[in-house]
Asker: 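Have a look at this one.
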Amino acid sequence: MSDNTDETNGTPREPGENGAGRERVVGTPSPATEKQLLASQDVSAPAGAGEELDEEAAKRAERVVALFFLLAFAGSVAFIAYYIGWSGRDGGMHGVERARESNYWLGGMMALSFLALAIGVTIWVRRLMTSKPIIQERHELQADPQTREAFTEAFLEGAADSGITKRPLLRRTLLLAAAPLGLAPLVLLRDLGPLPEKRLRHTYWAEAVKKAKAEGRKGVRLVVDGTNAPLKVSDFAAPGSMITVLPEGIEENAHHPLNEVAKAVTILINVPADQFKPAKGRENWHVGGIVAYSKICTHVGCPAALYEQTTHHILCPCHQSTFDATDAAKVVFGPAARPLPQLPLGVEDGYLVATDDFPEPIGPSFWERG
């Protein structure tokens with residue numbers, strides 16, 4: 001057995017100053033490695049390193065940074081130009097396809113602008129700013145004159161180290177890149193518009209009725225939502241019934257079918273004729289107690305699609321606005337401020353038809369309604 005091995009368990013031991021061995025735990029580094037790791041080695045940069053820049057390399061980095069700042073500027077300008085001049089074509093961003101296209105272009109241009117700006121700033125910091133060590137002593141936080149003077153000195157020194165005062169090309173292109181980004185939030189206020197003008201005052205019922213009358217008919221037929229089957233009076237003869245209807249041809253002929261369906265959706269209810277109280281001037285707007293109201297709640301636009309047969313109340317499930325189907329859909333409970341608009345009905349060849357559009361805007365009130 002070697003002198004450097006413990007006689008009891010065979011683990012290696014290291015000689016001490018007097019030649020006596022000391023035990024070493026298995027798996028620990030050898031003394032040579034340990035001494036090497038603990039040896040005093042200055043791995044920091046030599047004094048003065050990083051405080052001076054290679055001006056030729058700095059000029060190249062400056063041009064690269066300026067190029068990225070110009071790219072950021074171009075992305076921001078393209079964002080604004082597309083938003084103002086292209087996304088609003090043909091009446092605005094209506095429909096799923098137009099919204100998807102707008103999201104791709106606007107998101108892509110804004111991402112390009114921010115990415116180019118971030119890359120430019122990163123290269124600036126990595127290649128153009130000095131890397132000398134900064135030591136800051138901790139003192140009590142006081143806004144005394146000496147502190148303010150020291151802050152001013154540190155700020156000016158930092159500005160000088162960053163090169164923003166020395167390199168006007170970087171300063172100007174950075175400001176140029178950031179300027180459109182500051183204007184972008186103001187441009188995005190356009191998302192509050194475009195103004196609805198007259199589009200919220202009418203539904204597709206008006207266009208469909210006009211087209212039907214031009215063809216010599218009394219009005220446009222009501223079709224069942226989902227099946228598009230025309231509805232006869234005999235098909236809806238049981239009191240207490242309710243069904244959702246639309247104007248015939250809306251999905252095929254409307255310019256923006258989803259938008260028009262959302263506005264024109266209507267509930268048809270068969271109220272017992274002896275309990276029905278038509279509003280003044282609307283005595284002939286129903287057919288034997290069959291009455292039609294807008295399905296869009298006048299509170300915040302939820303679908304008022306629940307009906308109590310015993311009370312003849314129309315309920316909105318969102319905020320519990322309740323309307324009386326027997327009394328011109330007047331509000332009897334909840335936050336809704338006005339009745340559901342009523343659609344004038346008639347009969348032609350046994351089919352239920354609408355003879356005109358809703359007499360007032362459907363859905364929640366809006367600031368232009370007047």
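Not measured: the values here are computed from a predicted model.
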Asker: Return all side-chain donor-acceptor pairs below 3.5 angstrom for residues 241-250, not counting sequence neighbours, or 'none' if the list is empty.
Answerer:
residue, atom, partner, partner atom, Å
Ser241, OG, Ala238, O, 2.8
Thr244, OG1, Lys295, NZ, 3.0
Glu248, OE1, Arg221, NE, 3.2
Glu248, OE2, Arg221, NH2, 2.9

Asker: Transitively linked via ILVMFWY side-chain contacts under 4.5 Å: Phe79 with Ile84?
Answerer: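 Phe79 and Ile84: one cluster.
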
Asker: So do the side chains of Lys330 and Phe323 get within less than 4.5 Å of each other, counting heavy atoms only?
Answerer: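 Side chain of Lys330 against side chain of Phe323, heavy atoms only: no contact under 4.5 Å found.
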
Asker: Apply side chain to side chain contact (heavy atoms under 4.5 Å, CB included) to the pair Thr355 and Leu345, showing each step before the final yes or no.
Answerer: CA-CA 6 Å; Thr355 59; Leu345 297 180; over 6 Å; no

Asker: Looking only at non-hydrogen atoms, find the nearest pair between Ala336 and Thr298 and report the distance.
Answerer: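 Heavy atoms of Ala336 and Thr298 come nearest at CB-OG1, 3.6 Å.
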
Asker: Checking Lys232 now: which residues fulfil side chain to side chain contact (heavy atoms under 4.5 Å, CB included) with it, not counting sequence neighbours?
Answerer: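 Lys232: side chain to side chain contact (heavy atoms under 4.5 Å, CB included) contacts with Ser234, Asp235, Tyr351.
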
Asker: Only one of Leu352, Leu231, Asn228 clears side-chain contact (heavy atoms from CB on, under 4.5 Å) with Val223; which?
Answerer: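 Of the listed residues Leu352, Leu231, Asn228, the side-chain contact (heavy atoms from CB on, under 4.5 Å) partner of Val223 is Asn228.
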
Asker: Return yes when atom CD of Glu149 has more than 12 non-hydrogen atoms of other residues, nucleotides or ligands closer than 6.0 Å, and no otherwise.
Answerer: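 Open: at most 12 neighbouring heavy atoms sit under 6.0 Å from CD of Glu149.
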
Asker: Between Glu207, Lys213, Lys211, which is the residue that forms a side-chain contact (heavy atoms from CB on, under 4.5 Å) with Val209?
Answerer: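 With Val209 as partner, side-chain contact (heavy atoms from CB on, under 4.5 Å) holds for just one option, Lys213.
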
Asker: Tell me, which pairs form a ring-ring contact (aromatic ring centres under 6.0 Å, His included) where one or both residues lie in residues 53-76, sequence neighbours left out?
Answerer: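 As it turns out, there is no ring-ring contact (aromatic ring centres under 6.0 Å, His included) pair with a partner in residues 53-76 once direct neighbours are skipped.
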
Asker: State whether the side chain of Arg171 and the backbone N or O of Ile164 hold a donor-acceptor pair below 3.5 Å, judged by distance alone.
Answerer: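 Yes: the side chain of Arg171 pairs with the backbone of Ile164.
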
Asker: For His313, is there any backbone N or O sitting under 3.5 Å from a side-chain donor or acceptor partner on Glu308?
Answerer: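 No; zero donor-acceptor contacts below 3.5 Å.
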
Asker: Applying side chain to side chain contact (heavy atoms under 4.5 Å, CB included), can you list everything that pairs with Ala57, at least two apart in sequence or on another chain?
Answerer: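 Residues passing side chain to side chain contact (heavy atoms under 4.5 Å, CB included) with Ala57: Asp54, Arg60.
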
Asker: Hey, are the side chains of Ile269 and Ile290 touching, using non-hydrogen atoms and a 4.5 Å cut-off?
Answerer: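 The answer is no; the side chains never approach within 4.5 Å.
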
Asker: Give me the atom names and distance for the closest heavy-atom approach of Ser321 to Pro335.
Answerer: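 Heavy-atom minimum between the residues: OG-CD, 3.2 Å.
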
Asker: Is Glu56 salt-bridged to Lys59, going by a charged N under 4.0 Å from an acidic O?
Answerer: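 A salt bridge is absent here (no side-chain N lies under 4.0 Å from a carboxylate O).
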
Asker: Nearest 0.5 Å, what's the CD-CG distance between Glu62 and Leu67?
Answerer: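 So the CD of Glu62 and the CG of Leu67 are separated by 12.5 Å.
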
Asker: Does Val291 reach the side chain of Gln342, with side-chain heavy atoms less than 4.5 Å apart?
Answerer: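 When only atoms from C-beta onward are counted, Gln342 and Val291 do touch, with a gap below 4.5 Å.
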
Asker: Just to verify, what does His202 make a ring pair (Phe, Tyr, Trp, His ring centres under 6.0 Å) with, not counting sequence neighbours?
Answerer: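 Scan of His202 (ring pair (Phe, Tyr, Trp, His ring centres under 6.0 Å), adjacent residues dropped) gives none.
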
Asker: When you look at Gln320 and Leu315, which way does the side chain to side chain contact (heavy atoms under 4.5 Å, CB included) test go after all the steps?
Answerer: CA-CA 6 Å; Gln320 289 72 54; Leu315 305 176; over 6 Å; no

Asker: What do the steps show when you test Cys302 against Cys297 for disulfide (SG to SG under 2.5 Å), and what is the final call?
Answerer: CA-CA 5 Å; Cys302 295; Cys297 181; over 6 Å; no

Asker: Please check this pair: side chain of His286 against backbone of Gly289, looking for a donor-acceptor N/O pair closer than 3.5 Å.
Answerer: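 Side chain of His286 to backbone of Gly289: a pair is present.
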
Asker: Is there side-chain contact between Leu112 and Leu71, with heavy atoms separated by less than 4.5 Å?
Answerer: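 Side-chain contact under 4.5 Å: yes.
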
Asker: Do Tyr204 and Asn253 come within less than 4.5 Å of each other through their side chains, counting heavy atoms only?
Answerer: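 In contact.
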
Asker: Would you say Leu340 ends up clustered with Val332 if hydrophobic residues are merged whenever their side chains have heavy atoms under 4.5 Å apart, either directly or through other cluster members?
Answerer: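 No, it is not one cluster - the side chains of Val332 and Leu340 are not joined through contacts under 4.5 Å.
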
Asker: Could you see if Ile362 belongs to whatever hydrophobic cluster contains Tyr293? Use Ile, Leu, Val, Met, Phe, Trp, Tyr and a side-chain cutoff under 4.5 Å.
Answerer: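 In one cluster with Ile362: Tyr293, no.
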
Asker: Looking only at atom types and distance, does a side-chain atom of Glu283 sit under 3.5 Å from a main-chain N or O of Gly281, one as donor and one as acceptor?
Answerer: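 Judged by distance alone, yes, a pair lies under 3.5 Å.
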
Asker: Would you sort out whether Val287 and Val233 count as a side chain to side chain contact (heavy atoms under 4.5 Å, CB included), showing the intermediate values?
Answerer: CA-CA 8 Å; Val287 178; Val233 178; 4.3 Å; yes

Asker: With a 4.5 Å limit on heavy-atom distance, are the side chains of Arg338 and Val331 in contact?
Answerer: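 No, too far: nothing below the 4.5 Å cut-off.
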
Asker: Is there a chain of hydrophobic side chains (I, L, V, M, F, W, Y, each step under 4.5 Å between heavy atoms) that links Val77 to Leu176?
Answerer: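 Yes, one cluster joins them.
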
Asker: Show the nearest heavy-atom pair for residues Tyr82 and Glu101, with the distance to one decimal.
Answerer: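 What the structure gives for the nearest pair is OH-OE2, 2.8 Å.
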
Asker: Restricting to non-hydrogen atoms, name the atom on Ile296 and the atom on Pro364 that form the minimum distance, rounded to 0.1 Å.
Answerer: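 Minimum heavy-atom contact is CG2-CD, 4.3 Å.
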
Asker: Give the minimum heavy-atom separation between Gly346 and Lys218, together with the two atoms involved.
Answerer: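 That would be CA-NZ, 4.3 Å.
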
Asker: So, the side chain of Trp205 versus the backbone of Leu343: is there a donor-acceptor pair under 3.5 Å, distance only?
Answerer: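 Not confirmed, Trp205 side chain does not pair with Leu343 backbone.
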
Asker: Please answer: with hydrophobic residues joined when any side-chain heavy atoms are less than 4.5 Å apart, are Leu115 and Trp124 in the same cluster?
Answerer: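 Result: yes, single cluster for both.
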
Asker: For Gly240, does its backbone N or O pair with a side-chain atom of Asn270 as donor and acceptor, under 3.5 Å?
Answerer: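 Absent.
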
Asker: Does Glu55 pair with Lys166 as a salt bridge, N-O distance under 4.0 Å?
Answerer: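 Answer for the salt bridge query: yes.
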
Asker: Treating Thr311 as the side-chain partner and Gln309 as the backbone partner, does any N or O pair qualify as donor plus acceptor under 3.5 Å?
Answerer: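 No, because the side chain of Thr311 does not come within donor-acceptor range (under 3.5 Å) of the backbone of Gln309.
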
Asker: Supply the atom-to-atom distance Leu169 CG to Thr173 OG1, rounded to the nearest 0.5 angstrom.
Answerer: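 Atom-to-atom, Leu169:CG and Thr173:OG1 are 5.0 Å apart.
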
Asker: Name the atoms and distances for all side-chain donor-acceptor pairs under 3.5 Å in residues 272-280, with sequence neighbours left out.
Answerer:
residue, atom, partner, partner atom, Å
Gln275, OE1, His312, NE2, 3.0

Asker: Using a strict cut-off of less than 4.0 Å between a Lys/Arg side-chain nitrogen and an Asp/Glu carboxylate oxygen, indicate whether Glu360 and Arg201 qualify as a salt bridge.
Answerer: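 Arg201 and Glu360: not salt-bridged.
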
Asker: Mark yes or no for whether Ser113, through its side chain, and Met109, through its backbone, hold a donor-acceptor pair below 3.5 Å.
Answerer: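 No; judged by distance alone, with no hydrogens or angles, the pair does not exist.
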
Asker: Less than 4.5 Å apart, side chain to side chain, heavy atoms only: is that true for Thr203 and Phe358?
Answerer: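 Of all side-chain heavy-atom pairs linking Phe358 with Thr203, at least one is under 4.5 Å.
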
Asker: Looking at Phe114, I'd like to know if its CZ atom is crowded, meaning that more than 12 non-hydrogen atoms belonging to other residues, nucleotides or ligands lie closer than 6.0 Å.
Answerer: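 No, CZ of Phe114 has 12 or fewer neighbouring heavy atoms, counting only those of other groups under 6.0 Å.
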
Asker: Closest heavy-atom contact between Ser76 and Leu181?
Answerer: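 Of all heavy-atom pairs spanning Ser76 and Leu181, the closest is OG-CD2, 3.3 Å.
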
Asker: Kindly determine whether Ile314 and Leu306 satisfy side chain to side chain contact (heavy atoms under 4.5 Å, CB included), including the steps that lead there.
Answerer: CA-CA 6 Å; Ile314 305 167; Leu306 302 178; over 6 Å; no

